[in-house]
Amino acid sequence: MIKTDIHERLIDLDKKHFIHPTSSLKLQNEKGAPFIFTSGNGVYLTDTTGRKVLEGMASLWNVNIGYGRKELAEAAYDQMSKLAFTNSFSSMSNEPAIKLAAKLAELAPGNLNAVFFTSGGSESNDTAYKLARYYWKLKGLPEKKKIISQKKGYHGVNIGATSATGISPFHTLTNSPAPDFVHVDTFSIDSLKACIEREGADTIAAFITEPVQGAGGVNIAPDGYLQEVRSICDEHDILLIVDEVITGFGRTGKMFACEHYGIVPDLMLFAKGVTSGYIPLGGVMVTDKIHQDLVELSDGTLLHGYTYSGHATACAVGLKNIEIIESENLVENSRLMGEELLNGFKELRMEFAFIGEVRTLGLIGAIEMVNPATKKRFDSLIAPRVSEEAAKRGLIVRTVVFEGMDTVVFSPPLVINKQEINELISILRSALVAVQESL
Ligand SMILES: Cc1ncc(COP(=O)(O)O)c(C=O)c1O
């Protein structure tokens, strides 16, 4: 715990100097940061006032191996002591990047065997769109440029990734989405087919989907959907990009969520869980076929690269993180604890009439708030009140309240155990009681 005056001083400095991402600038200015965290251990975080909270979101769906893992600090220390960074432009390379690329090829479904490294999910998205367009250009089809994505899909905040994102407030922020992005209905084969018919396959470079939409409210692709999408894409020569930025590295109870559906995309995106958030890293994996075609047809320098593509320290941390995911069977734990989480949600649904659908896939889940009288969402939103009451009681969750949703979402670290799941459900229950009493 640190002294109150230091805490207050930090709050003041935060208000004055730190522009927070995806935050209400007004609220931050009025109320200050709700938490200033100083340390973490397993599924728990501690703040400047000494409060300990259970992180029901693994921060931003990413701290898969939990907080306070010294092994990752040591991996970073060892690598930084030898060689923190050297660039990967002009075909130069480094050992951790090569080893991580090979490890990812071993883990990824099918023949996704080559990796372009980035520093996060948004960069991975923009990279994938550019690679898809470049691919078709090299094939003599430069008109194949459009990227089809889904409503409620979230792909990040670069100009390209924002444009593919199918959540309208992200567009209206600046009213300047990029050209050649088209949105179809969520998990709707009919909508996708109609879009291809309308736009013309000869103008479409790729279709992108998350297997489980995270920021859009934890919407799980129904079985059969991705399989059908795969064959539609094949039929029309459209590349299939699967965004596994949240779902990768065990989040859904498989190493990659594509495995639930038995499909192999042409490009697969990852970030977040690859390092459990200990250091920024992301990437795009491509199949052998795409890789070979790019190599054979390319006509000069691939003029796309980030200074930190293949960052040695980030890759060393990624390797250690994956080693831990494997050696501690965290993918299986995600599956098993996901079932416990779902059981807990089902119990709560029996107890609270305003809980509608509940769902999980591994350790990603959601509960929807619905007015039992109308079966629609309440006029005044419930989920933010649940989240506020939960935070007061020591549980962090997130809410999704756009596009008609009033949903509380969950994504705890994959190291969570049965006792901690029970604690999560029990805090949630008392938060729901408080909200019920205020209805
Ligand atoms: C599915 C998905 N794709 C891409 C992104 C963007 O990743 P980043 O915030 O690392 O740029 C996110 C972030 O939440 C995401 O959930």
Side-chain angles (χ1 to χ4, degrees), residues 20-23 55 57-64 116-132 147-167 169-171 173 178 181 183 186-187 206-221 226 240-252 256-258 260 265 267-285 306 308-309 311 314 317-318 321 361-366 396-400 402-403 405 407 409-411:
H20 285 248
T22 313
S23 301
E55 234 301 1
M57 279 304 297
S59 203
L60 279 178
W61 333 76
N62 59 337
V63 186
N64 287 10
F116 185 100
F117 286 113
T118 68
S119 297
S122 301
E123 286 185 359
S124 299
N125 271 274
D126 275 31
T127 298
Y129 314 152
K130 286 175 74 176
L131 284 180
I147 306 294
I148 313 298
S149 60
Q150 295 189 92
K151 291 180 184 157
K152 291 191 190 166
Y154 180 78
H155 299 290
V157 293
N158 290 349
I159 295 280
T162 301
S163 306
T165 290
I167 301 168
F170 284 91
H171 297 171
L173 182 79
F181 287 87
H183 300 96
T186 314
F187 302 142
F207 173 67
I208 178 164
T209 180
E210 295 157 272
V212 179
Q213 292 184 329
V218 182
N219 308 307
I220 303 165
L226 274 166
L240 173 58
I241 308 174
V242 172
D243 184 338
E244 294 251 14
V245 164
I246 286 180
T247 51
F249 304 97
R251 173 57 55 201
T252 68
F256 293 99
C258 282
H260 288 287
L267 298 95
M268 187 178 84
L269 317 185
F270 67 88
K272 297 191 188 271
V274 65
T275 55
S276 291
Y278 279 68
I279 197 163
L281 183 65
V284 177
M285 300 200 68
Y306 302 100
Y308 299 125
S309 290
H311 191 291
V317 170
N321 174 64
L361 187 67
L363 279 171
I364 183 167
I396 295 198
V397 294
R398 288 178 75 79
T399 61
V400 177
F402 32 66
E403 314 288 354
M405 304 190 80
T407 305
V409 295
F410 304 80
S411 164

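The first residue in the sequence is number 1, and the count goes up from there. Values reported hereafter were calculated over all heavy atoms of this structure, with side chains retained and with hydrogens, waters and symmetry mates removed. For ligands, and for the atoms within them, numbers begin at 1 and follow the listed sequence.
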Review point. Below 4.5 Å, heavy atoms only, C-beta onward: do S119 and H311 meet side chain to side chain?
Key: no
Revision key, fill the gap. Atoms of ligand 1 under 4.0 Å from any heavy atom of N125, numbered from 1 in the order shown, are 3 (N), 4 (C)
Check your understanding: Can you tell me the protein heavy atom closest to atom 2 (C) of ligand 1 and the distance?
Key -> Y154 O, 3.3 Å
Exercise for review: Looking only at distances, please establish whether an N/O atom of ligand 1 is found under 3.5 Å from an N/O atom of E123.
Suggested key: no
**Study point:** Ligand-side contact atoms (ligand 1) for residue partner E210, heavy atom cut-off under 4.0 Å
**Key:** 1 (C)
Point to revise | Residue and atom name of the nearest protein heavy atom (relative to atom 7 (O) of ligand 1), distance in Å to one decimal | key: G121 CA, 3.1 Å
Review point. Between V245, T247, V218, L363, which is the residue that forms a side chain to side chain contact (heavy atoms under 4.5 Å, CB included) with W61?
Key: V218
Point to revise | Nearest protein heavy atom with distance in Å, relative to atom 11 (O) of ligand 1 | key: S122 OG, 2.5 Å
Review point. Strictly under 6.0 Å, is that where the ring centroids of F256 and F270 end up?
Key: no
Check your understanding: Taking only heavy atoms of I246, which atoms of ligand 1 are found under 4.0 Å from at least one of them?
Key -> 16 (O)
Practice item. Return the residue, atom name and 0.1 Å-rounded distance of the protein heavy atom closest to atom 14 (O) of ligand 1. Key: K272 NZ, 2.9 Å
Review point. Hey, is ligand 1 close enough to D243 that some N/O pair sits below 3.5 Å?
Key: yes
